[in-house]
Amino acid sequence: AQSVAQPEDQVNVAEGNPLTVKCTYSVSGNPYLFWYVQYPNRGLQFLLKYITGDNLVKGSYGFEAEFNKSQTSFHLKKPSALVSDSALYFCAVRDRANQAGTALIFGKGTTLSVSS
Amino acid sequence: EADIYQTPRYLVIGTGKKITLECSQTMGHDKMYWYQQDPGMELHLIHYSYGVNSTEKGDLSSESTVSRIRTEHFPLTLESARPSHTSQYLCASSESQGNYGYTFGSGTRLTVV
């Protein structure tokens, strides 16, 4: 069975400091991995995805994520946080071997709060 | 511009009323989904469709129903709204092959009074 875990409900960081939002996954085969961001009263916006290739994936708004197969992790990072990065972040996974019949599985979300 | 649209954005309605939440996409995606989300909380899949005339229930039991008569249109209906239906409803679509993520609509925030 597929699953994804976001172990932190909330991450607090000061503006200008680096940020990390954690995500671990479990799939039977190789994963497709995604990060989405949600601002208040809005839908989810796509940030980045890992399909194959380079383990470091760069996405929108200066975010990046590192795929680590041995640790089954896909942590979201940014070198210097902005107050405007404050939002709810979702990690999601799909099993590449079963892509035709399964929906994307989302984590519970992590609220990022960046203070000025 | 290809996109996915949800209407209305906000809806306040009385108990017992029938409502339909609209979702349309212009990307030609085969797969469409409905998620229910309480404010700031996790997403719960309530319905999905892999093509015209195909609909399935998701992981979270819901009293709502859906239809997929046209590829671009995936409306969600509540026959008799109740306060427990108060939530945000998010519609999404995706291509058939798995290396693509979802495109989400802006959501409908439903309040049943």
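Labels below follow one simple rule: chain letters A, B, ... track the order of the sequence lines, proteins then strands, and each chain is numbered from 1.
- Here B/Q88 contributes atom CD and A/R42 contributes atom CZ; the two are 9.5 Å apart, rounded to the nearest 0.5 Å.
- Distance OG1/B/T103 to OH/A/Y36: 7.0 Å, rounded to 0.5 Å.
- With rounding to the nearest 0.5 angstrom, the CD atom of B/Q37 is 6.5 Å from the CG atom of A/L44.
- More than 12 heavy atoms of other residues, nucleotides or ligands sit less than 6.0 Å from atom NZ of B/K57.
- Taking CG from A/L104 and OH from B/Y35, the interatomic distance works out to 6.0 Å, rounded to the nearest 0.5 Å.
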(request) List the steps, then state whether side chain to side chain contact (heavy atoms under 4.5 Å, CB included) holds for A/R94 with B/Y102. (result) CA-CA 11 Å; A/R94 175 184 285 126; B/Y102 291 180; 3.4 Å; yes
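- There is a path of hydrophobic side-chain contacts, each under 4.5 Å, that joins A/L47 to A/Y39.
- B/L110 and B/L60 fall within a single hydrophobic cluster, where Ile, Leu, Val, Met, Phe, Trp and Tyr side chains are chained together by heavy-atom contacts under 4.5 Å.
- Looking at B/Q6, there are no atoms closer than 4.5 Å to chain A (heavy atoms on both sides), in backbone or side chain.
- Of the atoms belonging to A/Q38, it is side-chain heavy atoms, and not backbone ones, that fall under 4.5 Å from chain B.
- One distance of note links CZ of A/F46 with CZ of B/F104; it measures 12.0 Å at 0.5 Å rounding.
- The choice from B/M41, B/E42, B/R109, B/E56 that makes the most heavy-atom pairs within less than 4.5 Å of chain A is B/E42.
- Note on A/Y61 and A/W35: same hydrophobic cluster, where clusters join Ile, Leu, Val, Met, Phe, Trp and Tyr whose side-chain heavy atoms are under 4.5 Å apart, directly or indirectly.
- Taking B/A92, B/S106, B/G58 one by one and counting their heavy-atom pairs under 4.5 Å with chain A, the maximum is reached by B/S106.
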